[in-house]
Number of protein chains: 2
Amino acid sequence: MKGTKVVFNSEKLNYSSELMRALAHPLRLKILEFIDQHGAINVNKIYHALKIEQSITSQHLKIMKMAGVVHAEKDGKFVSYSIDYDVVTRAEKAVKRFLG
Amino acid sequence: MKGTKVVFNSEKLNYSSELMRALAHPLRLKILEFIDQHGAINVNKIYHALKIEQSITSQHLKIMKMAGVVHAEKDGKFVSYSIDYDVVTRAEKAVKRFLG
DNA sequence: TACATATATTGATTTTTTATAATATAATTA
DNA sequence: TAATTATATTATAAAAAATCAATATATGTA
């Protein structure tokens with residue numbers, strides 16, 4: 001497993017760390033877990049269920065959206081969030097990718 | 001892949017996010033990659049090769065050591081760092097663990 | 001149209017991280 | 001033993017992230 005000899009450019013390092021950073025927060029993980037359990041779901045239901053502030057919820061969702069972890073789709077006056085499982089899988093492999 | 005219905009306690013959420021946080025930094029990833037490529041290696045070689053400050057190197061190594069990602073072993077006046085691949089593997093799976 | 005609801009955005013503040021520089025400690029060597 | 005080397009630690013400054021409160025923007029509804 002040691003010594004991949006693959007030289008990673010800072011672009012990939014930044015991508016990997018950004019992706020992991022988006023997930024490296026207990027509240028965001030909790031939100032993600034909730035979306036996972038409910039499928040596409042709107043902000044209202046998320047913050048009511050988890051008892052967190054609307055504004056904070058939107059902000060964390062935005063961070064995860066920017067990182068590509070979740071996807072937002074407008075549905076009337078609601079916005080439905082869902083998980084991009086491909087990207088999450090990529091995050092899982094982000095470490096593995098440059099380690100062995 | 002959706003809806004694991006596994007309820008994660010905040011302990012696990014915190015562990016997962018802490019582990020990911022330790023890796024969610026470009027410089028730390030770079031250091032980890034370097035250790036991976038060279039096996040057990042001391043601080044001096046790391047910061048000379050990567051052209052970063054000694055103090056920063058020690059600090060980042062400490063963060064990864066606290067998270068259990070790397071292991072330090074004293075060797076005379078040197079300190080040799082190596083990767084704990086088990087923990088890294090756990091980090092890879094941290095996301096997967098609560099998603100699907 | 002006026003009002004209510006859902007979400008996003010913004011600005012101010014606090015907290016956490018990171019970087020820098022200096023110093024401390026321990027081991028080594030001249 | 002004095003000087004050098006390797007690493008850690010500490011204090012401080014700078015930067016980034018998180019929280020909170022308020023406001024803005026849409027959309028839907030009475």
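A, B, ... follow the sequence lines: proteins, then strands. Residue 1 opens every chain.
In this structure, Y47(A) atom OH and dT19(D) atom P are separated by 17 Å, rounded to whole Å. In this structure, CD1 of I63(B) is placed 5 Å from P of dT18(C), rounded to the nearest angstrom. Between the NZ atom of K77(A) and the P atom of dT27(D) there is a distance of 12 Å, given to the nearest Å. Taking atom NE2 on H25(A) and atom P on dT16(C), their separation rounds to 10 Å, with Å as the unit. A straight line from CD of Q59(A) to P of dT9(C) spans 10 Å, rounded to a whole angstrom. Residue L27(A) contributes atom CG, which lies 15 Å from atom P of dT16(C) at whole-angstrom precision. One atom, CG of L29(A), and another, P of dA18(D), lie 12 Å apart when rounded to the nearest Å. Straight-line distance from the CD atom of E73(B) to the C1' atom of dA6(D): 16 Å, rounded to whole Å.
Projected onto DNA chain C by closest heavy-atom contact, D75(B) and S58(A) fall at different nucleotides, the more 5' of which corresponds to S58(A).
Distances shorter than 4.0 Å separate some side-chain N or O of N42(A) from OP1 or OP2 on dT7(C). Between N44(B) and dT5(D) there is no side-chain polar atom (N or O) within less than 4.0 angstrom of OP1 or OP2. Distances shorter than 4.0 Å separate none of the side-chain N or O atoms of R21(A) from OP1 or OP2 on dA16(D). For H60(A) and dA17(D), the shortest distance from a side-chain N or O to OP1 or OP2 is not below 4.0 Å. In this structure, K62(B) reaches the dT9(D) phosphate: one of its side-chain N or O atoms is under 4.0 Å from OP1 or OP2. Residue R28(B) places at least one side-chain N or O under 4.0 Å from the OP1 or OP2 atom of dT18(C).
Residue contacts shown for K65(A) are absent, as no nucleic acid heavy atom lies under 4.0 Å away. Residue K74(B) is in sugar-phosphate contact alone, with no base atom involved, counting any heavy-atom pair closer than 4.0 Å across all strands shown.
The shortest distance between side-chain heavy atoms of T57(B) and L61(B) falls below 4.5 Å.
The environment of CD in E18(B) is sparse: at most 12 heavy-atom neighbours from other residues, nucleotides or ligands sit within 6.0 Å.
Judged purely by atom type and a 3.5 angstrom limit, D75(B) has no side-chain atom pairing as donor or acceptor with the backbone of F78(B).
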Can E33(B) and L13(A) be said to form a side-chain contact (heavy atoms from CB on, under 4.5 Å), step by step?
CA-CA 10 Å; E33(B) 179 192 5; L13(A) 284 173; 4.3 Å; yes

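Taking every heavy atom of residues 49-57 of chain A and every atom of DNA chain C, pairs under 4.0 Å involve Q54(A), S55(A), by number.
One finds the CG atom of N14(A) at 10.0 Å from the CZ atom of R21(A) (value rounded to the nearest 0.5 Å).
Between Y47(B) and E53(B) the shortest heavy-atom distance is CB-O, 4.2 Å.
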